[in-house]
Amino acid sequence: SGAAAALLPEEDCMKLNPSFVGIALSSLLAIDLWASKRLGVCAGEGSAWGSARPLMKVIEVSGHGIPWLLGTFYGLCQSDSSAAREVLLNLLFALLLDLVMVAVVKGLVKRPRPTHNKMDMFVTLSVDKYSFPSGHATRAALVCRFVLRHLVLAVPLRVLVVLWALIVSISRVMLGRHNMTDVLFGLLLGYALYGVVEHCWLSPATAPALFALW
């Protein structure tokens, strides 16, 4: 076998001897797929926790982009406070940035949804057939940081906001919508996107045209 390997081109020899990194990544991917399937206890009515599936779908809607966009836009139109309008306009910017970034990453990675997922999600687009990253997890992390930073809330309400973000993220795996790595990367991406929003914060001084609309 050593003589045969000597006759092979260098790149073929490399294929016969995969790197430690390649083996580690393949192993982690296999663990991710296995664990995600085991945790998909609400993926169908016949699953272990199938009776909780309707509740999980309500949680799913609570983290969907459309209700957040419509609610933010409505609040922006109804607000009579300049400070509130500034916060809501930046929240709208954050939500739109989130949608664009998630769509771009999904289109580039093109990881398929878990095989045990039922495609009965609330209002999907073409890129939603892909799994990586979880848009719900990204949005949950982004909104959570935004709300905790810009709204004055009592401690119990702040705890509820954090719990909501965690429950929305966990529900993605329980419903079979995503693998665990989709959710973990989504949380990291949402956390990072908030930093972008803060850096590009829209105000009457930096974006007077936008504020002139309201």
Side-chain angles (χ1 to χ4, degrees), residues 24-25 28-43 52 55-69 71-72 90-114 116-117 121-125 127-151 153 155 157-201:
L25 289 176
L28 288 174
L29 178 61
I31 294 172
D32 178 38
L33 296 175
W34 173 81
S36 300
K37 188 170 184 178
R38 292 293 301 271
L39 293 173
V41 292
C42 301
L55 175 61
M56 291 293 106
K57 294 189 71 173
V58 171
I59 296 173
E60 177 178 64
V61 174
S62 77
H64 197 280
I66 289 181
W68 277 100
L69 284 170
T72 302
N90 280 278
L91 178 57
L92 184 62
F93 165 62
L95 293 170
L96 292 173
L97 177 64
D98 164 67
L99 286 176
V100 172
M101 289 303 300
V102 169
V104 168
V105 177
K106 282 187 175 184
L108 290 174
V109 177
K110 295 183 178 180
R111 185 183 194 183
R113 294 270 180 181
H116 55 287
N117 173 50
M121 295 173 286
F122 173 73
V123 187
T124 59
L125 301 176
V127 293
D128 287 326
K129 63 183 177 182
Y130 301 124
S131 180
F132 186 91
S134 166
H136 280 69
T138 305
R139 190 172 304 107
L142 174 61
V143 169
C144 180
R145 285 198 72 190
F146 192 100
V147 168
L148 294 180
R149 175 66 177 82
H150 294 286
L151 294 185
L153 300 174
V155 173
L157 290 178
R158 296 174 71 86
V159 172
L160 284 177
V161 170
V162 175
L163 286 177
W164 168 80
L166 292 175
I167 291 172
V168 167
S169 301
I170 294 171
S171 72
R172 309 313 293 152
V173 180
M174 294 179 65
L175 279 169
R177 307 294 197 206
H178 292 279
N179 297 303
M180 292 192 302
T181 49
D182 305 332
V183 172
L184 291 175
F185 184 84
L187 289 171
L188 292 175
L189 180 59
Y191 191 91
L193 285 178
Y194 175 78
V196 175
V197 174
E198 282 290 297
H199 181 73
C200 303
W201 188 261

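This one's a predicted model, so the numbers in the text were calculated from it and none came from an experiment. Residue numbers count from 1 along this sequence.
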Heavy-atom closest contact ([X] atom, [Y] atom, distance):
{"X": "R158", "Y": "L151", "answer": "NH1-O, 4.0 Å"}
{"X": "F185", "Y": "V105", "answer": "CE2-CG1, 4.4 Å"}
{"X": "V102", "Y": "G135", "answer": "CG1-CA, 3.9 Å"}
{"X": "S36", "Y": "V173", "answer": "O-CG1, 4.0 Å"}
{"X": "A94", "Y": "V197", "answer": "CB-CG2, 3.6 Å"}
{"X": "T181", "Y": "F132", "answer": "O-CE1, 3.8 Å"}

Side chain to side chain contact (heavy atoms under 4.5 Å, CB included) between L95 and V143: does it pass, once the steps are laid out?
CA-CA 8 Å; L95 293 170; V143 169; 4.0 Å; yes

Would you check if L184 and L188 make a side-chain contact, meaning some heavy-atom pair closer than 4.5 Å?
no

Side chain proximity check, V100 to L96, heavy atoms < 4.5 angstrom:
no

Kindly say whether V196 contributes a backbone atom to a donor-acceptor pair with the side chain of W201 at under 3.5 angstrom?
no

Would a distance-only check, ignoring hydrogens and angles, find a side-chain to backbone donor-acceptor pair under 3.5 Å from R113 to S131?
no

Interatomic spacing from [atom1] in [X] to [atom2] in [Y] - rounded to 0.5 Å:
{"X": "S134", "Y": "H178", "atom1": "OG", "atom2": "NE2", "result": "3.5 Å"}
{"X": "M180", "Y": "W34", "atom1": "CE", "atom2": "CH2", "result": "8.5 Å"}
{"X": "D182", "Y": "S169", "atom1": "CG", "atom2": "OG", "result": "12.0 Å"}
{"X": "I167", "Y": "M174", "atom1": "CD1", "atom2": "CE", "result": "10.0 Å"}
{"X": "L69", "Y": "L91", "atom1": "CG", "atom2": "CG", "result": "8.5 Å"}
{"X": "L148", "Y": "L153", "atom1": "CG", "atom2": "CG", "result": "7.0 Å"}

Pairs touching residues 161-176 that satisfy salt bridge (charged side-chain N to carboxylate O under 4.0 Å, His left out), sequence neighbours left out
E60-R172

Write out all pairs satisfying salt bridge (charged side-chain N to carboxylate O under 4.0 Å, His left out) with one or both partners inside residues 94-107, taking only residues at least two apart or from two chains.
D98-R139, K106-D128

What pairs with L29 under side-chain contact (heavy atoms from CB on, under 4.5 Å), at least two apart in sequence or on another chain?
L33, R111

